[in-house]
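Notes follow once the structure below has been shown.
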Amino acid sequence: MNVLNPLSLSMAIALTLTPWIVTASPQAAARAVAPQVATPAASNVTPVADDAQRVLALEGAWNVRTFAGLQGRNGPIPATAFVRTADLSRLTAADRDRLAAAGVKLDIDLRTGDELQQSPDVLANDARFDYQRISLMGTEKMDLQKMMTSFPDSLGAAYVQWLGSNQPQFREVFQRIAAQQDGAVLYHCTAGKDRTGIISGILLDLAGVPRADIVHNYAISAHYLEGQPKDSAMNVQMMALIKQHPEIARKMAGMGGTAPENMEMFLDALHAQYGGAAGYLKAVGLSEEEIHALQVRLGQAG
């Protein structure tokens with residue numbers, strides 16, 4: 001088992017719990033285990049009409065979207081470049097057919113081994129798709145007790161930390177994408193908003209998509225996650241643990257949603273520390289050829 005720093009450990013755990021956290025308001029999450037704790041309302045962003053063209057409506061998955069029509073520095077991103085989504089354990093046969101028809105060839109699972117065991121990725125056993133799991137947080141098993149004293153103050157702050165602490169995992173993800181020559185690349189985590197959201201943020205920044213559009217693309221995830229099932233075994237364990245430690249209810253509630261300021265903070269750091277996505281990808285070890293391959297996939301190689 002890989003050894004994580006406390007922040008990475010706590011966030012790896014938090015990101016397995018988002019089906020419960022996202023579908024409940026911060027107030028409800030806190031009241032469920034600690035009635036005396038008051039928490040601020042989450043910042044919710046509603047999709048606009050233009051967002052509809054990017055939605056792939058599936059029966060058994062939530063927050064399934066492409067980048068179709070988002071404007072990069074050299075034109076719109078092709079609809080067949082990427083698909084981002086949440087957990088894929090509930091896909092129907094029709095859903096799998098829909099993804100195949102959308103051109104998906106590669107499925108990158110960003111989750112931990114624990115998450116995979118609890119919710120197997122249905123596409124992994126479908127011969128139409130190549131499947132690769134890369135735990136973006138660099139761990140396979142998680143210690144719920146250990147994370148109690150190291151919870152971050154915000155998702156945005158955690159996203160910034162990942163840029164430095166999880167570089168080998170980011171390198172592996174983007175190198176695998178760059179190596180894919182054909183078809184659409186699908187990537188997902190559990191809720192499809194944090195790990196998936198950060199990969200999306202880097203890709204969109206590399207494409208030259210305006211900052212406001214990158215933030216909006218992140219912030220509408222909470223809307224598309226409404227109704228996502230919240231019955232995972234990890235959620236049950238965490239709820240029991242919070243009942244023993246009600247003082248962390250506020251921070252747990254803060255892990256829900258997709259407040260725009262989280263992505264704003266991430267993009268600020270991406271540019272201040274690395275000069276943007278291209279600089280970051282170089283810093284983590286991608287070659288010029290690999291970065292160019294990503295730009296080609298994004299329709300921005302001109």
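The figures that follow rest on heavy atoms only: side chains count, while hydrogens, waters and symmetry mates do not.
Residues that satisfy the ring pair (Phe, Tyr, Trp, His ring centres under 6.0 Å) test with F170, not counting sequence neighbours, are Y280. Legend: residues meeting side-chain hydrogen bond (donor to acceptor under 3.5 Å, both in side chains) with Q117, ordered by chain and number and at least two apart, are absent. Residues passing the side chain to side chain contact (heavy atoms under 4.5 Å, CB included) test with A93 are R96, sequence neighbours excluded. Under the rule for a ring pair (Phe, Tyr, Trp, His ring centres under 6.0 Å), Y224 has no partner lying at least two apart in sequence or in another chain. Partners of Y187 according to the side-chain hydrogen bond (donor to acceptor under 3.5 Å, both in side chains) rule, which considers only residues two or more places apart in sequence or in another chain, are S200. For E59, there are no side-chain hydrogen bond (donor to acceptor under 3.5 Å, both in side chains) partners two or more places apart in sequence or in a different chain. Take F174 and apply the ring pair (Phe, Tyr, Trp, His ring centres under 6.0 Å) test, not counting sequence neighbours, and it matches no residue. Here D205 pairs with H271 under the side-chain hydrogen bond (donor to acceptor under 3.5 Å, both in side chains) rule; sequence neighbours left out.
In this structure, OG on S154 lies 4.5 Å from CE on M265, to the nearest 0.5 angstrom. H216 NE2 to L70 CG: the interatomic distance, rounded to the nearest 0.5 Å, is 9.0 Å. Here L286 contributes atom CG and L294 contributes atom CG; the two are 6.5 Å apart, rounded to the nearest 0.5 Å. To the nearest 0.5 Å, atoms CG (L136) and CD1 (I108) are separated by 10.5 Å. Taken to the nearest 0.5 Å, the OG1 atom of T46 stands 9.5 Å off from the CD1 atom of I220. To the nearest 0.5 Å, atoms CG (L206) and CD1 (I77) are separated by 9.0 Å.
Applying the salt bridge (charged side-chain N to carboxylate O under 4.0 Å, His left out) rule to pairs touching residues 284-299 yields K282-E288, sequence neighbours excluded. The salt bridge (charged side-chain N to carboxylate O under 4.0 Å, His left out) pairs that include a residue from residues 210-221 are R211-E264, R211-D268, where partners are two or more places apart or lie in different chains. Note on residues 167-177: no pairs pass salt bridge (charged side-chain N to carboxylate O under 4.0 Å, His left out), not counting sequence neighbours.
Side-chain atoms of Q169 and S135, non-hydrogen and from C-beta on, never get closer than 4.5 Å to each other. Side-chain contact between R111 and D87 is present, with at least one heavy-atom pair separated by less than 4.5 Å. No side-chain heavy atom of V45 sits less than 4.5 Å from a side-chain heavy atom of H223. Residues Q180 and D182 are in side-chain contact: their nearest non-hydrogen atoms beyond the backbone lie under 4.5 Å apart. No side-chain heavy atom of K193 sits under 4.5 Å from any side-chain heavy atom of W62. You'll find the side chain of Y159 reaches within 4.5 Å of the side chain of D194, heavy atoms only. Residues L99 and F129 have side chains in contact (heavy-atom distance under 4.5 Å, counting atoms from C-beta outward). Contact of the F67 side chain with the L204 side chain is registered, since non-hydrogen atoms from C-beta on lie closer than 4.5 Å.
Under a hydrophobic clustering in which Ile, Leu, Val, Met, Phe, Trp and Tyr are joined whenever their side-chain heavy atoms come within less than 4.5 Å, directly or via other members, I291 and I199 fall into the same cluster. Hydrophobic cluster membership is shared by Y274 and I202, with clusters built from Ile, Leu, Val, Met, Phe, Trp and Tyr side chains linked at under 4.5 angstrom. The hydrophobic clustering, which links ILVMFWY residues whose side-chain heavy atoms are closer than 4.5 Å, places V284 and L203 together. The hydrophobic clustering, which links ILVMFWY residues whose side-chain heavy atoms are closer than 4.5 Å, places L123 and V173 apart. Note: the hydrophobic cluster containing I134 also contains L281 (ILVMFWY, side chain heavy atoms under 4.5 Å, direct or indirect links).
Comment: R98 does not engage D95 in a salt bridge, judged by the lack of any side-chain N to carboxylate O separation of less than 4.0 angstrom. Taking 4.0 Å as the cut-off between side-chain N and carboxylate O, R133 and D121 do not count as a salt-bridged pair.
Taking both residues in full, the closest heavy atoms of V122 and S89 are given as CG2-O, 3.4 Å, listed atom of the first, atom of the second, then distance. In terms of heavy-atom proximity, Q228 sits nearest to A86 at NE2-CB, 3.5 Å. Closest approach of A219 and T258 over heavy atoms only: O-OG1, 2.7 Å. Of all the heavy atoms in L88 and L186, the pair that sits closest is CD1-CD2, 3.7 Å. The shortest heavy-atom contact between A301 and V296 is CB-CG2, 3.5 Å. Minimum heavy-atom separation, A207 to L298: CB-CD1, 4.0 Å.
Without hydrogens or angle criteria, T196 side chain to C189 main chain gives a donor-acceptor distance under 3.5 Å. Listed for the Q132 side chain is no donor-acceptor partner under 3.5 Å among the backbone atoms of D107.
V48 belongs to no hydrophobic cluster, as no Ile, Leu, Val, Met, Phe, Trp or Tyr side chain comes under 4.5 Å of its own.
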In sequence, state the C-alpha distance, the side-chain angles, and the governing distance for V209 and R73, and then conclude on side-chain contact (heavy atoms from CB on, under 4.5 Å). CA-CA 7 Å; V209 173; R73 63 177 57 87; over 6 Å; no

side-chain contact (heavy atoms from CB on, under 4.5 Å), that's the test. Do D114 and E140 meet it? Break it down for me. CA-CA 6 Å; D114 280 354; E140 302 299 346; 6.0 Å; no

Would you please test F266 and I214 for side-chain contact (heavy atoms from CB on, under 4.5 Å) and show each step? CA-CA 11 Å; F266 175 77; I214 299 174; over 6 Å; no

Test side-chain contact (heavy atoms from CB on, under 4.5 Å) on I198 and L163; report intermediate values, then the result. CA-CA 10 Å; I198 294 309; L163 286 173; 5.5 Å; no

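A donor-acceptor pair shorter than 3.5 Å can be found between the side chains of E115 and T190. Of the N and O atoms on the side chains of N63 and H188, not one donor lies less than 3.5 Å from an acceptor on the other residue. Side-chain contact, R84 with S221: a donor N or O sits under 3.5 Å from an acceptor N or O.
When V104, T66, I177 are each tested for a side-chain contact (heavy atoms from CB on, under 4.5 Å) with F82, only one passes: I177.
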